[in-house]
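Working notes, beginning with the structure itself.
In this chain, residues are counted from 1 in sequence order. In what follows, every heavy atom counts, from backbone to side chain, and hydrogens, waters and symmetry copies are set aside.
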Amino acid sequence: VSRLWEESLSILDDVLARGVAAGELVPCDTWATSNILWTVANAVIQSDNTDARRKLRRSSLQELYDQTLDLVITGLKRPDA
């Protein structure tokens, strides 16, 4: 499982690094950012584990996941890109 996670993080790290190199994303520690994105995505998925969490969420899992990614990507985008 750890190897699979690391491979997935490496793919995400590469995508972020290319975005930074192309000037589309703000300079950042892409490995740390990959880990943050991975952790946030897993937390969103965990919000579907119980009825109480689903009610608190007030939206579908897909909507929350999409909103989360939009928020993070907006924060990573260069203002002038």
Side-chain angles (χ1 to χ4, degrees):
V1 171
S2 293
R3 185 176 49 81
L4 179 60
W5 286 348
E6 188 168 352
E7 288 173 9
S8 298
L9 285 170
S10 292
I11 292 168
L12 185 52
D13 177 63
D14 181 57
V15 169
L16 292 172
R18 285 186 278 147
V20 170
E24 296 170 352
L25 301 177
V26 295
C28 63
D29 179 334
T30 57
W31 185 253
T33 304
S34 296
N35 278 277
I36 291 166
L37 284 168
W38 188 266
T39 301
V40 168
N42 279 296
V44 169
I45 293 166
Q46 290 296 319
S47 76
D48 207 47
N49 281 347
T50 65
D51 285 336
R53 285 184 177 179
R54 284 190 288 276
K55 287 178 185 174
L56 285 172
R57 194 174 62 217
R58 299 181 183 164
S59 63
S60 73
L61 181 62
Q62 186 64 53
E63 288 171 323
L64 180 61
Y65 194 82
D66 291 345
Q67 291 169 348
T68 302
L69 288 179
D70 285 345
L71 178 66
V72 172
I73 291 168
T74 298
L76 289 170
K77 279 185 178 179
R78 289 183 57 110
D80 55 349

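- Thr74 has its side chain out of reach of Lys77: every pair of non-hydrogen atoms, C-beta onward, lies at least 4.5 Å apart.
- The side-chain heavy atoms of Thr30 and Leu25, taken from C-beta on, include no pair separated by under 4.5 Å.
- The CG atom of Asp66 lies 7.5 Å from the OG atom of Ser60; values are rounded to the nearest 0.5 Å.
- Heavy atoms from other residues, nucleotides or ligands lying under 6.0 Å from CH2 of Trp38 number more than 12.
- Note: Asp70 CG to Glu63 CD = 12.0 Å, rounded to the nearest 0.5 Å.
- Checked by atom type and distance alone, the side chain of Arg54 pairs as donor or acceptor with a backbone atom of Asp48 at under 3.5 Å.
- When the side chains of ILVMFWY residues are joined at heavy-atom separations under 4.5 Å, either directly or via intervening members, Val72 and Val20 end up in a single hydrophobic cluster.
- Residue Ser34 comes nearest to Leu12 through the heavy atom pair OG-C, 3.5 Å, listed as atom of the first residue, atom of the second, then distance.
- Judged by distance alone, the side chain of Arg57 and the main-chain N or O of Ser47 form a donor-acceptor pair under 3.5 Å.
- The shortest heavy-atom contact between Gly75 and Val26 is O-CG2, 4.3 Å.
- Separation of atoms OG1 (Thr50) and CG (Leu56) is listed at 8.0 Å; rounding is to 0.5 Å.
- Across Trp31 and Leu9, no two heavy atoms sit closer than the pair CH2-CB, 3.6 Å.
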I'd like to know whether Gln46 forms a side chain to side chain contact (heavy atoms under 4.5 Å, CB included) with Arg53, so could you lay out the CA-CA distance, the side-chain angles of the two residues, the decisive distance to 0.1 Å, and finally the verdict.
CA-CA 9 Å; Gln46 290 296 319; Arg53 285 184 177 179; 3.9 Å; yes
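- The closest donor-acceptor contact from the side chain of Arg78 to the backbone of Asp80 lies at 3.5 Å or more, if one exists at all.
- Considering all non-hydrogen atoms of both residues, Thr68 and Val40 come closest at CG2-CG1, 3.2 Å.
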Just do the side chain to side chain contact (heavy atoms under 4.5 Å, CB included) check on Leu76 and Leu16 with the steps written out, would you?
CA-CA 9 Å; Leu76 289 170; Leu16 292 172; 4.0 Å; yes
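- For Asp51 and Lys55, the salt-bridge test fails: no basic side-chain N is under 4.0 Å from an acidic carboxylate O.
- Residues Val15 and Leu69 are members of separate hydrophobic clusters, defined by side-chain heavy-atom contacts under 4.5 angstrom among Ile, Leu, Val, Met, Phe, Trp and Tyr.
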